[in-house]
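Since the structure comes first, as structure tokens, the remarks are kept for the end.
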Number of protein chains: 4
Amino acid sequence: MPTKRKVNLGPSAGPANRAALIAAAREVFAESGFMAPLSAVARRAQVGQGSLYRHFPDRIALAVAVFDDNITALETLAELSDSTLVDLFDSVAQQVIASTALIDMIISERDQRAEHLATRMTAVAAALLARDQDQGRIAATVEPADVMLAIGMLASLLSRTPVAERMESATRARAIFRAAFVPRAP
Amino acid sequence: MPTKRKVNLGPSAGPANRAALIAAAREVFAESGFMAPLSAVARRAQVGQGSLYRHFPDRIALAVAVFDDNITALETLAELSDSTLVDLFDSVAQQVIASTALIDMIISERDQRAEHLATRMTAVAAALLARDQDQGRIAATVEPADVMLAIGMLASLLSRTPVAERMESATRARAIFRAAFVPRAP
Amino acid sequence: MPTKRKVNLGPSAGPANRAALIAAAREVFAESGFMAPLSAVARRAQVGQGSLYRHFPDRIALAVAVFDDNITALETLAELSDSTLVDLFDSVAQQVIASTALIDMIISERDQRAEHLATRMTAVAAALLARDQDQGRIAATVEPADVMLAIGMLASLLSRTPVAERMESATRARAIFRAAFVPRAP
Amino acid sequence: MPTKRKVNLGPSAGPANRAALIAAAREVFAESGFMAPLSAVARRAQVGQGSLYRHFPDRIALAVAVFDDNITALETLAELSDSTLVDLFDSVAQQVIASTALIDMIISERDQRAEHLATRMTAVAAALLARDQDQGRIAATVEPADVMLAIGMLASLLSRTPVAERMESATRARAIFRAAFVPRAP
DNA sequence: TATGAATGAGCCTTCATTCAT
DNA sequence: CATGAATGAAGGCTCATTCAT
């Protein structure tokens, strides 16, 4: 009465699966948002659900793995000597235009790991802010929290905007924030 | 085929139930967002699921009933002769601090009824914008779409911010938008 | 806090409601079959659901009231001196082409009242059969049960055939049964 | 968000469940017709509803699995060199006496998969008809559509006949159709 | 007596999570 | 260590039936 199994390729492709899961999750999160069914991730990665759970015991673990790259990209940006806050806005907007789920998570999850990503992002913002203020591009009264809030608002908005309208909204929002942050009297 | 019953207190409280449903929905939406389970609304209203569906055949019908009040409050605000865009921001922030779901719906639903609420809100924004620009309080370059975008960002952000931090975020955001919209050279 | 009611026209239109319910049920059964929601009947009759239940405590009671007319039409047919079994087939087919639910009920319900209608229908069949056999139009070996079975099959089939194809199926089926019942060697 | 669990005996009986579901569905369809609640199938198979949906994503998928055997049996019958239309009627009757739902589905579903079964059944009928006509057992005027109609009527009727009376009805119906299809003058 | 709101059982469907192989 | 089937808890929705007014 029992069964028939497929094949068990053994532990050969151990971390290959992990990578496949991350890639699949990136796509799935981008298409269907942070709350997309995890089974869809496993399916797209051609991996058993069990393996998904072994590598990433919960949704956040998976999301953190996915979004670490995004944050790293921002950090890299901050290290360029000529990057500005405007670049940061643009980068974030770019990321969110492509995938909505990072901000979904950063804003809504109280989980340690999500907050860690948020912290790294804040550091990026603070670094760029200081540099811009030094060079008189941004008003001295602006605080890092303002920048993070602006980023949060930008991203949160874009994350709920239909894909087709995201670009336009991003442009308009960027103009608003630039106006808000530019120094007053020349 | 028949069904067993427990008690049936009858339709004595006909529209009282309707009111209870709206009140419950306001709370549930505030706590859990626009996608909160409707069964939770029925439960909190102490009402059968069937009654909920009789009164409000779908989620949007319920939401519209809940949020009509909010929009009406904004319209009333716009009619006061001395109200300003800042007042509008504050009102929206106030509302969103209390309940998150109105903007959830306005941003994400393409439904006629949701768009009707959005339209009314836009009208309020446009009226106040015109008045503020006449009196030199807001730069002439600002367009209604900018105002709506700002409101959307504000609300979208607050809607994902944990309740405890909403007030602070709202204050900071208001300052940002004021800075962005104020006229430049005096 | 309580209520507002509509109007209560009193017991003025007592049996008018009953008639409206029967008419509405005839339409609803025709459109949606024997298992159509009773609430749809009440709605179409512009009558409260309670009234429906007062007049017809269950689905069968309502159906019997509706279909009594159909059976009566068949009985009237049988009383015409020149009517034949073929006429009966045609009449049943006609009725079923229009509304499917009578046979649904006769075949599937074991309820007394449904069987009463079946009995009357059988009497009609027997009368016509006897007459046809007297005149040599139908083989002497055919029994009333054969006729009822043929009617049942015809009707049961039509009741499940998409409306557009019913006419064609009815014609073909009639030919089959005629071939089956005609006397053999002339 | 998580879920509580009782026991999980694992997927040891993987395809055993599938078989149990088919068996259960055969019984449930036989007892309650094609529209019987799928939850009843899961319950009778002692299987979670989720498993039912995994194996058979919709009602038709389940029905096709159940009825494929039936059609296969008919096809096998047609391949026997000495089988006749009468055998086909008897086989169909036999099957329908046991389970009602096959014809329910073939008649009422416009779904691809249901029509595929219908097509196979028609092929069987046409093959047997040709052979019977060759050997003079069936009138040359009879067309495959007549046979299918007869089968449809037979099955449709039986499908609505209480189990106890099915055998008798089947016998009588077979006699009728034989009479209808036999060649006329010897 | 008529009304129509309220009830709640039950069906369908989706998913997170577990676990035998 | 990977697999993928099994589980069952929700949630959405529909309807038959009751009952205060």
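Here is how names work: the chains are called A, B, and so on, in the same order as the sequence lines, proteins then strands, and each is numbered from 1. All of these numbers come straight from a predicted model, not from anything done at the bench.
- In this structure, the side-chain contact (heavy atoms from CB on, under 4.5 Å) partners of D:A45, at least two apart in sequence or on a different chain, are D:A20, D:L21, D:A24, D:V47.
- Residue B:H55 places at least one side-chain N or O under 4.0 Å from the OP1 or OP2 atom of E:dA6.
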Less than 3.5 Å apart, which donor and acceptor atoms pair up between the side chains of residues 25-37 of chain B and the rest of the protein, not counting sequence neighbours?
residue, atom, partner, partner atom, Å
B:R26, NH1, B:V66, O, 3.2
B:R26, NH1, B:N70, OD1, 3.3
B:R26, NH2, B:V66, O, 3.3
B:R26, NH2, B:D69, OD2, 3.3
B:E27, OE1, B:R44, NH1, 2.7
B:E31, OE1, B:R44, NH2, 2.9
B:E31, OE2, B:R44, NH1, 3.3

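- Using a 4.0 Å cut-off, some side-chain N or O of A:R54 falls inside it from OP1 or OP2 of F:dA2.
- Per the geometry, CZ belonging to A:F56 stands 16 Å off P belonging to E:dA16, to the nearest Å.
- A:R113 is linked by a side chain to side chain donor-acceptor pair (under 3.5 Å) to A:D58, A:D111, counting only residues two or more places apart in sequence or in another chain.
- The side chain of D:N17 lies closest to F:dT7 when the candidates are E:dA16, F:dT7, F:dA16.
- As a whole-Å value, the separation of D:R18 CZ from F:dG4 P is 16 Å.
- For the segment residues 43-51 of chain D, the set of residues with a heavy atom within less than 4.0 Å of an atom of DNA chain E comprises D:R43, D:Q49, D:G50, in numerical order.
- Minimum heavy-atom separation, A:S156 to A:S159: O-OG, 2.8 Å.
- One interatomic measurement links the two molecules: CG of A:L52 to C1' of F:dT3, which rounds to 12 Å at whole-angstrom precision.
- Take the nearest nucleotide of DNA chain F for C:P57 and for B:M35: the residue whose nucleotide is more 5' is B:M35.
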> How does DNA chain E read in dot-bracket, base by base from 5' to 3', with Watson-Crick or G-U pairs under 3.5 Å and | used when the partner is on another strand?
Replying inline: .||||||||||||||||||||
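- Taking atom CG of residue A:L38 and atom P of nucleotide E:dT18, one finds them 12 Å apart after rounding to whole Å.
- The salt bridge (charged side-chain N to carboxylate O under 4.0 Å, His left out) search around C:R43 returns none, not counting sequence neighbours.
- A search for side-chain contact (heavy atoms from CB on, under 4.5 Å) contacts involving B:Y53 returns B:L38, B:Q49, not counting sequence neighbours.
- Taking for each of D:A40 and A:Y53 the nucleotide of DNA chain E with the nearest heavy atom, the 5'-most of the two is the partner of D:A40.
- Rounded to an integer number of Å, the gap from CG of B:D58 to P of F:dT14 is 10 Å.
- Of the candidates E:dC11, F:dC15, F:dG11, the closest approach to any side-chain atom of B:S39 belongs to F:dG11.
- Distance CE/B:M105 to CG/B:L102: 6.0 Å, rounded to 0.5 Å.
- Note on C:R59: every side-chain N or O is 4.0 Å or more away from OP1 and OP2 of F:dT17.
- The structure places CD1 of D:I60 at 3.5 Å from CD of D:E109, a figure rounded to the nearest 0.5 Å.
- For C:T161, there are no side chain to side chain donor-acceptor pair (under 3.5 Å) partners at least two apart in sequence or on another chain.
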